[in-house]
Every structure is written in structure tokens, then in C-alpha cells.
*Asks:* 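Quick one: this structure, given as C-alpha cells, is what I'll be asking you about.
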Protein chains: 2
Amino acid sequence: MSVAIENFVKAIYNNENQDITNTKPGNIASKLGISNAAATDMAKKLDAKGLLNYEKYKALRLTEDGEKMALNVIRKHRLWEAFLHKTFDMSLHEIHREAELLEHETSDFLAEKISEYLGNPKFDPHGDPIPNAKGEITTEDTSIPLSQAKENTEYVISRLMSTDKEFFEFCALNGIKYGNTLTVKKQFQSSKMTQIKIYTNTIVLNEDFTQIIYVNEIN
Amino acid sequence: MSVAIENFVKAIYNNENQDITNTKPGNIASKLGISNAAATDMAKKLDAKGLLNYEKYKALRLTEDGEKMALNVIRKHRLWEAFLHKTFDMSLHEIHREAELLEHETSDFLAEKISEYLGNPKFDPHGDPIPNAKGEITTEDTSIPLSQAKENTEYVISRLMSTDKEFFEFCALNGIKYGNTLTVKKQFQSSKMTQIKIYTNTIVLNEDFTQIIYVNEIN
DNA sequence: AAAAATATTTAAGTATACTTAAATTTTAAA
DNA sequence: TTTAAAATTTAAGTATACTTAAATATTTTT
Ligand SMILES: [Mn+2]
Ligand SMILES: [Mn+2]
Ligand SMILES: [Mn+2]
Ligand SMILES: [Mn+2]
């Protein structure tokens, strides 16, 4: 299958997992940077291929085959990210950029090699789950955004939900990294800011950041 | 530039370095598995782009820009081969297959990371030279095919010029590997066979193999 | 030096993945 | 509930990278 098709089913999959009613051609089009007309064309084509169900004016729904394809591409994307981060120490922004291309030119054979080399990781450096070779995600996500965390409680960082370069640069500079530990000190109700302590540093984050930094409470 | 263009200039470059007079559309076409007509079309297009000089019925000649592009792709190809061989222990056949795809989706940035990680190697696992980031090949090739080697002389294996799976499997099983040492025991003139000793094994190779295994004499 | 064989080019056409513009349908607002 | 706004679809067209078939040029053989 072509790069265009793989990116298309991946965009639908990612969208369905957030907002199922809005998975319409126009929405996918704007995510992929193509015209609405192109997205409608593609939707019809993929319906004919059995990768999704297309009904005029309705939301797009991936078939089982379509979802399998999406998860296969996502697996390769996240394995590359994990690999490039670990082996070449590339930043959270760089790894995404490279993985977006490499994911389409990676055989299942090579994906397995990467996975084995890394010890079959279950999460990528953004905290996104890595599907297994069968296309299954076996982990469950219990994490909450930092904006909803309790005061005076210790958390481990579980996910950084962004693709923004500056955000990742901020994180890298301040030890905000998947797996690291932080303590929530105070939630400022009116200003919607969150004060955290990470290592010896105290940082006050605004809502833009506390809604994309996800954490798990340490028992 | 597209995958089709990159593969096209690469095929011309590789061909020019062997048989300059025969670098015509039909020859490139058969190497790429496309029709002669498609190759002629592409040649005209790349002439317009300034990557090669096309004159009806004449051999294709890369321009400086075209050669630079070819060497950039070849660099990425060979870096991937070196990397996959070393890091994932993939075979000489597998690394070529994967590199053929990855070479087109690799940024200069990532290529540099791979190169640094490997210690800026000058040769890939087939013994092919790896151009530097400027597109220069600084090494010179003094190797000769095993068919022309002297009897009772020690050589180091410097190049395995093939893309054939079975040949590489044979090599892997018999210690015929870039950098390994062997001794030429006898050249059978009439049958064009070569008897070598490698480690403790004695092997007799026919011309098919001794013309694609290159060696350098050990001083 | 012709004739035959081979290679190259031209012409016409296809599939994919897009575009813009117009028509249509849905959704939201008045 | 009618109207206005927004989204979706249809229609027509483009660029890329191919194809096959026919025309033409080159190369080889006789
Ligand atoms: Mn992608
Ligand atoms: Mn990720
Ligand atoms: Mn290639
Ligand atoms: Mn090689």
C-alpha cells in the first residue's frame, strides 16, 4: 500500500480514538494538509479496497483490515522513535519527523529486529503505546493530565501528547521526560497553573502544558 | 526529489563507473525494471532539471548536480547497510534489500547520526566505499578479483560484488567476509577454478565467484 | 553497401494522488 | 422554520511515473 494510503488510515485511526463523530473527510484532510476533495476521493477508494466504510456525509469508520494496517504503521513509527531516541540520542521532535517517513519503508522483518534490539518496549519516548506484531495494544492507559493531579502527591510522567518542537525543547531542558518522577505542589484554581517540583527545580506550568503532560500516581 | 529520480541517477552513476558507452536509456531501463520508453521520458525530464545531459541516441551523462545527488543516495544506502549489519546482525542480502528503500527517506541529519555512531566508516559490509557528507569518495580501490590472484599468496577480502542471495549465503557459511584473510593455493588455468584456504577450510571456487570476490594482497 | 536485427524514440493511454471551482447537502443561526 | 453558513461531494483538470504499440534511428551481419 502507498504512503498516501498508510498516512490516511493512520490519521483516521488516531482521530477515531479521540472524536469518532468528527472523523469526516474534511477533518482528515486538514490533518494531512490535503484538500477536502482529495480526502473524499481517497475515502471512496479505500472503501472499495475494504479498508474503511464510506457513506456520503457520514463519519469514516475503519474496517478490521484498515485498523490492522493503521496499527502496523503506528508500530513502525513508534519503534523507530524509540530506537532513534535511544541509539542516536535524538530529541522528541527529531524522532517524530524522521519516523513519519521511515514508517512507510520498513518491512515487518526489520520492525521485528528493531523491537528485539530494544527489548520489545511497550511505550515510545512520548509515552505512546507500541502495538505488538499482531497489531494489539496490550497496555492500558490509566494516566491523567497534570492539570487534574492532586496537590502534594508524587507522579511519574507517562505521556507527552504533542508534536510541538518548542514544547519538547522546554521538556528536555527541565527534566520533563517519560518515566521521570515529579511532585505536584499546588494547583492554582483561578489561573489554572500547576506548580511542580522535579529534581531540585520548582516549575509553574500553565494549562497549555498541563493538559498535554500526562502522569500516573506513584502508589 | 522523488524515489524514481533518485533510483534513476543512482543507476546511471553505477553504470557510468563500469561501462560509460552503454549508459543509454534501454540499459538503465532494464536495471530498474521499467520500459525503455519510460527511461527515455525520465532522461528528458532530468535533462530539463539539470541532473544529466540527454542527446538523442547518445549515452546519458550525469551533470555535477546529478552525480552529487547519486552520491548522496549511495552514501545513505551504504550507511544503512553498515548499520543494519552491525547493529542487527542482518545478512549481506537483507541489508541491501532494506537499504534500497530506506535510502530515499533518510535526511542528511539522520545520515550524519548513523555515520558518527559507526565511527564514520569508509566502506560498507560489501566493501563498497561510502562517500562522505560532501559526496566525495576519498579511498582508492587497489583490489583485484580472486581470479587474478597469485598462487601461495595471502590476501584480505576487500569487496563482494554481488546482490545475489545464494552467493551471500555461501559466503556467510564459509567465512568469506569483508576484512577476512585467505590464502590462494592454486589457480587452475584450464577450468578457471581457484583453490583457497580460509581459516582451516579449503574451498575450490569457480569463475562465477572468483570474478566477484575482490581481494588485496597483504604486504 | 544493403539488409536484417536491435535499440531508441514518439505517440497515445493508464493509475495514483493531488488541485480548484461549482453544486449539493448538512448544520447552525436567526 | 426559514435562512445563512459551513462542510461535503462532484466535476474537471494537473503532474508524476509508468505502460504498450508504432515509428524511426542505429548497429550488426551478410
Ligand atoms: Mn508518515
Ligand atoms: Mn510517538
Ligand atoms: Mn532505492
Ligand atoms: Mn553495499
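Below, read A as the first sequence line, B as the second, and so on, with proteins coming before strands; counting in each chain starts at 1.
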*Asks:* Within the structure, does a side-chain N or O atom of B/Lys58 lie under 4.0 Å from either OP1 or OP2 of C/dT8?
*Replies:* no

*Asks:* Salt bridge (Lys or Arg N to Asp or Glu O under 4.0 Å) with A/Lys10: which of A/Glu16, A/Glu67, A/Glu100?
*Replies:* A/Glu100

*Asks:* Under a 3.5 Å cutoff, is there a donor and acceptor pairing between the side chains of A/Glu169 and A/Ser91?
*Replies:* no

*Asks:* Under 4.0 Å: is that the gap between some side-chain N or O of A/Lys44 and OP1 or OP2 of D/dT10?
*Replies:* yes

*Asks:* Parallel under 30°, tilted from 30 to 60°, perpendicular over 60°: which one fits the rings of A/Phe170 and A/Phe209?
*Replies:* tilted

*Asks:* Tell me, please, which residues at least two apart from A/His104 pass ring-ring contact (aromatic ring centres under 6.0 Å, His included).
*Replies:* none

*Asks:* Round to a whole Å and report the spacing from CG of A/Asn22 to P of C/dT27.
*Replies:*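 Atom-to-atom, A/Asn22 to C/dT27, this comes out as 11 Å.
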
*Asks:* Checking the side chain of B/Arg78 only, and the main-chain atoms of B/Pro129 only, is there a donor and an acceptor separated by less than 3.5 Å?
*Replies:* yes

*Asks:* Expressed in angstrom and rounded to an integer, what is the separation of B/Met1 atom CE from D/dT16 atom C1'?
*Replies:*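 Going from B/Met1 (CE) to D/dT16 (C1'), I get 13 Å.
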
*Asks:* Can you sort out which residues in residues 25-32 of chain B have a heavy atom within less than 4.0 Å of DNA chain C? Ascending by number, please.
*Replies:* B/Pro25, B/Gly26

*Asks:* For B/Asn120 and B/Ser115, test the side chains for any donor-to-acceptor distance below 3.5 angstrom and give the result as yes or no.
*Replies:*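 The answer is yes; a qualifying pair exists.
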
*Asks:* Base, sugar-phosphate, or nothing: which does A/Tyr54 touch, judged by heavy atoms less than 4.0 Å apart?
*Replies:* sugar-phosphate

*Asks:* More than 12 non-hydrogen atoms from neighbouring residues, nucleotides or ligands closer than 6.0 Å to NZ on B/Lys177, yes or no?
*Replies:*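 Counting other residues, nucleotides and ligands, NZ of B/Lys177 stays at 12 neighbours or fewer.
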
*Asks:* Would you mind reading off the distance between B/Lys24 atom NZ and D/dA25 atom C1', rounded to a whole angstrom?
*Replies:*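 Checked: the NZ to C1' distance equals 11 Å.
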
*Asks:* For A/Glu81 and A/His77, test the side chains for any donor-to-acceptor distance below 3.5 angstrom and give the result as yes or no.
*Replies:*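 A/His77 and A/Glu81 do have a side-chain donor-acceptor pair below 3.5 Å.
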
*Asks:* Which letters describe nucleotides 19-25 of chain C, given B = protein heavy atom under 4.0 Å from base, S = only from sugar-phosphate, - = neither?
*Replies:* BB----S

*Asks:* Does any donor atom in the side chain of A/Lys76 or A/Asn72 lie under 3.5 Å from an acceptor atom in the other side chain?
*Replies:*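 Indeed, the side chains of A/Lys76 and A/Asn72 share at least one donor-acceptor pair under 3.5 Å.
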
*Asks:* Once you round it to whole Å, what is the distance between C1' of D/dA15 and CE of B/Met42?
*Replies:*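 Taking atom C1' of D/dA15 as the reference, CE of B/Met42 is at 12 Å.
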
*Asks:* Distance check needed: D/dT16 P versus B/Glu6 CD, whole Å only.
*Replies:*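 Spelled out: CD on B/Glu6 to P on D/dT16 is 15 Å.
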
